[in-house]
Protein chains: 2
Amino acid sequence: MESRYASRIFEALSSEVRLDVFRLLVKHAPDGLVAGDIARLLDLPATNLSFHLKALVQSGLVHGEREGRFLRYRASIPLMLDIIAYLTAQCCSGRPECCRAFREESGVDARFLPPVAAPSSDRKA
Amino acid sequence: MESRYASRIFEALSSEVRLDVFRLLVKHAPDGLVAGDIARLLDLPATNLSFHLKALVQSGLVHGEREGRFLRYRASIPLMLDIIAYLTAQCCSGRPECCRAFREESGVDARFLPPVAAPSSDRKA
DNA sequence: GGGATAGTTCAACAACTGTTGAAATAAGTC
DNA sequence: GACTTATTTCAACAGTTGTTGAACTATCCC
């Protein structure tokens, strides 16, 4: 993934409203939710939600699909995995031994972290 | 991690310049780089770099420390691990079986993805 | 202290973002 | 076709962001 593309994805998640929308859609994967349900659950004005959904769709993190009168939105889990892999590759590909040390220091539950990859020069970064 | 806090971190990475600076600092962890080196390596005007470094420091993703005449900046690897863990927990905690399926579909190298956590209700999310 | 180097802060400005209410589109129901 | 519901687009506006050159602060060296 290129940094230009990655920064667009981070931009999509840089608004608390959009992050909440995205998290809600991830929680409701793979069925997704229609716009009205999102608006109700997050207590957002329809017009404002629509603005943020557009941004999420343009980033690729969310897909929309008409369903009769409704529009159903779904989180793109593959793209989410991509961005996790991107961050992880940035972190560990240079110095696995350093990354390992930090993992032990940090209070993060290891179940939520990727394995430390073996060192090698050319990666998906 | 709260979503308000997470969105601030994503905001810090939402500019291509800042993402490039951060990646460079991650690459040079744990020694970091002084501002002038960053400016030279990324071909940025000092004043503009300073603006972005300030944003990165405020987000917590980067720390600065005076070193004589220079200011040395370092990436906060622990916070980076936190944000990876946050994304991962969002993704998998709901429906591991769904996440697993997507992982197999997506072309992402599994070495860069966290293990699929066992389902349980209350997580670091 | 005076001069050089490293880096930041300031002021100005154009460009972009997020919010809102009003109007428009799209699809179902009678 | 007229009516209702779901959602988006539009126009306006306030607020924020990113860029630049000029001025400032901090540190080192003589």
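Letters go in sequence order (proteins before strands), and every chain restarts at 1. Every heavy atom of this structure was used, including side-chain atoms; hydrogens, water molecules and symmetry mates were not.
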What integer distance in Å separates B:Phe70:CZ from C:dT5:P? 11 Å
At under 4.0 Å between heavy atoms, what does A:Ala35 touch on the DNA or RNA strands: base, sugar-phosphate, or nothing? sugar-phosphate
Using whole Å, report how far CD of A:Glu65 lies from C1' of C:dA26. 16 Å
Within the structure provided, determine whether A:Leu13 and A:Ile83 are in side-chain contact (heavy-atom separation under 4.5 Å). no
Give a yes/no answer on whether the side chain of A:Tyr73 brings an N or O atom under 4.0 Å of OP1 or OP2 in D:dT8. yes
To the nearest Å, how far apart are A:Glu16 CD and C:dT19 C1'? 16 Å
Check: B:Gly68 main-chain N/O paired with B:Arg66 side-chain donor or acceptor under 3.5 Å: yes
To the side chain of A:Lys54, which of D:dC28, D:dA6, D:dT9 is closest? D:dT9
What residue pairs, at least two apart or across chains, pass salt bridge (Lys or Arg N to Asp or Glu O under 4.0 Å) with a residue in residues 33-49 of chain A? A:Asp37-A:Arg40
Mind calculating the distance between CZ (A:Arg8) and P (C:dT17) to the nearest angstrom? 12 Å
For A:Val34, which fellow cluster members are found when Ile, Leu, Val, Met, Phe, Trp and Tyr are connected by side-chain heavy-atom distances below 4.5 angstrom, either directly or through intermediates? A:Phe70
Whether each nucleotide of nucleotides 13-22 of chain D has a protein heavy atom under 4.0 Å at its base (B), only at its sugar-phosphate (S) or at neither (-) is summarised, 5' to 3', as ----SBBBBB
Spacing between B:Arg66 atom CZ and D:dT25 atom P, to the nearest angstrom: 14 Å
List the atom pairs, donor and acceptor, that lie under 3.5 Å between side-chain atoms in residues 46-55 of chain B and the rest of the protein, sequence neighbours left out.
residue : atom : partner : partner atom : Å
B:Asn48 : OD1  : B:His52 : NE2          : 3.3
B:His52 : ND1  : B:Arg18 : NH1          : 3.1

Integer-rounded Å distance: C:dG18 C1' and A:Leu19 CG: 16 Å
Any pair counted as salt bridge (Lys or Arg N to Asp or Glu O under 4.0 Å), so long as it reaches residues 6-16 of chain B, sequence neighbours left out: none
Applying side chain to side chain donor-acceptor pair (under 3.5 Å) as the test, list every pair that has at least one member in residues 71-80 of chain B; sequence neighbours left out. B:Glu65-B:Arg74, B:Glu67-B:Arg72
Nearest-Å distance, CZ (B:Arg69) to P (D:dC24)? 21 Å
Starting from P on C:dG7, measure out to CD on B:Glu67 and report it in whole angstrom. 10 Å
